[in-house]
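Within every chain, numbering begins at 1; the chains are lettered A, B, ... in the order of the sequence lines, protein sequences first and strands thereafter.
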There are 2 protein chains.
Amino acid sequence: MHLFNRDQIEKVVQLNKEVIQVIEDAFTALQTKSVQMPPIMRVDVPEHNGEVDIKSAYISGYDSFAVKLSSGFFNNPQKGLPSANGLMILLSSETGMPKAVLADNGLLTDIRTAAAGAVAARHLSRKDSKTAGVIGAGAQARLQLEALMQVRSIERVLVFGRRQEQADVYKEDMERKLGVDVIVCRSPETVVTESDIVMTTTPAKEPIIKAEWMHPGLHITAMGSDAEHKQELEAKAVLSADLFTCDVKSQSLRLGEMRMVHENDKAIQQALELGEITSGQKQGRSNSEQITICDLTGTGVQDTAIARFAFELLDSKGGVYR
Amino acid sequence: MHLFNRDQIEKVVQLNKEVIQVIEDAFTALQTKSVQMPPIMRVDVPEHNGEVDIKSAYISGYDSFAVKLSSGFFNNPQKGLPSANGLMILLSSETGMPKAVLADNGLLTDIRTAAAGAVAARHLSRKDSKTAGVIGAGAQARLQLEALMQVRSIERVLVFGRRQEQADVYKEDMERKLGVDVIVCRSPETVVTESDIVMTTTPAKEPIIKAEWMHPGLHITAMGSDAEHKQELEAKAVLSADLFTCDVKSQSLRLGEMRMVHENDKAIQQALELGEITSGQKQGRSNSEQITICDLTGTGVQDTAIARFAFELLDSKGGVYR
């Protein structure tokens, strides 16, 4: 068994079209193959304001699968440490034997999450989308934009962050890194009103996005909510979208934006999973006027897909990294 | 983060009184401390007749906790590989950061499972027990006996294995290793009838132990059943014990010997958890005539306890093993 650390993984796994395709294929597999994906396991560490989530998925026919631990310890920043952490263990599907520990500190999760955003945008946003709106100015706000720009020709970015300084740094970073104009906005309303694609990347506990701001042709990817106490979109926004999609319905209902909508509501019945669209079973955006939403809570198939991909790259450089 | 392999772990963790005490303390903690122990997560790999179980537990006040992956891939023996495999990840309770990967291949699970048997025997079997009966002749049949001999002065061992040859090898191995007389029996009935303490260590799907074989003063530890399709004791045995105990009631009801007993039955209501006894909250064996049973399905607190113990030992030899 091999242990790879973040530095080693960072050198070989990039947020590019290839990784986006790997994640798209994972969503397709979730619909078209037999997949064993147990509910997320969660260990709480209340004394230290921490939690560990454990995800896994076995995709039929794949020679390996991952078990991922991801932790959030929210007192860490006070100690000068990042709150998020994690690692993945890749196991052989044939023997159950561990093949590798990817001690990625959450890097692969960051990348697969951003890649899922790009997959959603590819199938749900207007092809001629030019303006991207970003709510939040942290790590995912950066990566979601980077991933989006692999699939859409974005010319202008609007950003809103609760802390203005953070949004200013975001502007500076993204303009330098991606060569795109970034405008810092004073309200989320402006961002939504002026954008073709909006990405919400916050740990908000109260909705930030109002239904009344949505306009024809808009696509929203809400990737922030992944726990019972989080919510980024008001329920009315979910209800009034023309096409509401999510990565996994059962998770969106429990941890995501469908949580505040009544389970028997028509909107829930009609909601699609991303894999139904990527597999071609169902249609994504069908005209330029639709308002579409995709709610991402994060899935074990994404973890299995990116862990396998990373291991293949690392393993092929065996001489260097072992 | 450090990766320790089985060879390294094997050199420092022995099945001795110290480890038995560590596991006893874990059961006590399960009753007396605030413990976060989510239900076992299971990933099935049906194509390869495999499964991975994931267990974890955070014990309030402990500076670290473990997440354990244990796999059973039942086509492995055909390939000349062991069916069981596994590893543990030790995380800091303060920051969530991984401290170590213990790639123990199931060694620590084997030890903590045997140690739990010794804890049960210490509190539930007669102090003057001289004859131990073992059903099954595999790895746990060996370890359970080894652990038992740390807490009881066993003079004679009766063993029954489905395959006579395996039982013969068991006799030879145990006589050499433990210096005790081992008698191979032709039926489980003889083993139960003649023993003071019986340990069942099989993956049986149909009960092997009948209630009518039980006799005053007997203690049985049933550690084989840990899944919905397994059972070692007939329901009547569970019902007619004077004192039925288990490691965790919810697990015994779902995966263990309580599964075949009606949930509202008085026997279930009166069943005790091992930690209630080790903590002194409830009494274990109270006289020499009682028939006692302990059903072990395996718990995350045992994993956390032994992973911490192993890491402490390995870490103190840092110079050697890092």
Side-chain angles (χ1 to χ4, degrees), chain A residues 1-3 5-6 34-67 69-76 79 81-87 89 91-98 101 103 105-106 300 304, chain B residues 1-3 5-6 34-67 69-76 79 81-87 89 91-98 101 103 105-106 300 304:
Chain A
M1 194 185 48
H2 306 288
L3 173 67
N5 64 33
R6 183 175 173 126
S34 158
V35 169
Q36 305 286 333
M37 189 162 74
I40 299 166
M41 176 173 176
R42 175 172 165 164
V43 190
D44 285 307
V45 182
E47 280 152 294
H48 300 287
N49 198 11
E51 63 182 64
V52 178
D53 277 351
I54 304 166
K55 292 180 182 173
S56 183
Y58 167 66
I59 303 164
S60 182
Y62 282 34
D63 67 353
S64 57
F65 63 104
V67 174
L69 279 58
S70 55
S71 62
F73 277 64
F74 303 103
N75 297 345
N76 280 3
K79 301 168 195 158
L81 295 169
S83 58
N85 231 298
L87 56 78
I89 300 119
L91 302 165
S92 159
S93 305
E94 273 156 45
T95 65
M97 289 175 73
V101 175
N105 272 10
T304 281
Chain B
M1 195 184 50
H2 306 289
L3 173 67
N5 64 33
R6 182 174 172 127
S34 158
V35 170
Q36 305 286 332
M37 189 163 74
I40 298 167
M41 175 173 178
R42 176 173 165 164
V43 190
D44 285 307
V45 182
E47 281 153 291
H48 299 288
N49 198 13
E51 63 182 63
V52 178
D53 278 350
I54 303 165
K55 291 180 184 173
S56 182
Y58 167 67
I59 303 164
S60 181
Y62 281 35
D63 67 353
S64 58
F65 63 104
V67 174
L69 279 58
S70 56
S71 62
F73 276 65
F74 304 102
N75 296 345
N76 279 4
K79 301 169 194 158
L81 295 169
S83 56
N85 231 298
L87 57 76
I89 299 119
L91 302 166
S92 159
S93 305
E94 274 156 44
T95 64
M97 290 175 72
V101 175
N105 272 10
T304 281

- prompt: Given the rule in the side-chain contact (heavy atoms from CB on, under 4.5 Å) test, do A/Met37 and A/Ser56 qualify, once you have shown the distances and angles that lead to the verdict?
  reply: CA-CA 6 Å; A/Met37 189 162 74; A/Ser56 183; over 6 Å; no
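Of the possible polar contacts, none joining the B/Glu94 side chain to the B/Asp63 backbone as a donor-acceptor pair under 3.5 Å is found. Of the possible polar contacts, one joining the A/Thr304 side chain to the A/Ala57 backbone as a donor-acceptor pair under 3.5 Å is found. Under a 3.5 Å cut-off, the side chain of A/Ser93 and the backbone N or O of A/Tyr62 do form a donor-acceptor pair.
For B/Ser70, no part lies under 4.5 angstrom from a heavy atom of chain A. Residue contact with chain B, scored on non-hydrogen atoms closer than 4.5 Å, is absent for A/Phe74. The part of B/Pro39 that comes within reach of chain A is its backbone (N, CA, C, O), which places non-hydrogen atoms under 4.5 angstrom from that chain. For A/Val45, the parts lying near chain B are the backbone and the side chain together; criterion is any non-hydrogen pair under 4.5 Å. Contacts of A/Ser92 with chain B are made by backbone atoms alone, with heavy-atom separations under 4.5 Å and no side-chain atom involved. In this structure, the portions of A/Ile54 lying under 4.5 Å from any heavy atom of chain B include both its backbone and its side chain. B/Val101 touches chain A through its side chain: at least one heavy atom from C-beta onward sits under 4.5 Å away, while N, CA, C and O do not.
Ranked by heavy-atom pairs under 4.5 Å with chain B, the first of A/Ile40, A/Asn5, A/Val43 is A/Val43. Per-residue heavy-atom pair counts under 4.5 Å with chain B were compared for A/Ala103, A/Gly50, A/Ser34, A/Pro46, and the maximum is reached by A/Pro46. Chain A forms the most heavy-atom pairs under 4.5 Å with one residue out of B/Pro82, B/Pro98, B/Gly96, B/Gly86, and that residue is B/Gly96. Of the listed residues (A/Asn105, A/Val52, A/Ile89), the greatest number of heavy-atom pairs within a distance under 4.5 Å of chain B belongs to A/Ile89. Note: A/Thr95 leads A/Asn85, A/Thr95, A/Asp44, A/Asn76 in heavy-atom pairs under 4.5 Å with chain B.
Taking the six-membered ring for Trp and thresholds of 30 and 60 degrees, B/Phe73 and A/Phe65 have nearly parallel ring planes, at less than 30 degrees apart.
Residues A/His2 and B/Leu3 fail the side-chain proximity criterion, which asks for heavy atoms closer than 4.5 Å.
Looking at B/Ser60 and A/Glu47, their side chains do bring a donor and an acceptor atom within 3.5 Å of each other. Under the 3.5 Å distance criterion, with hydrogens and angles disregarded, no donor-acceptor pair is assigned to the side chains of A/Glu51 and A/Ser71.
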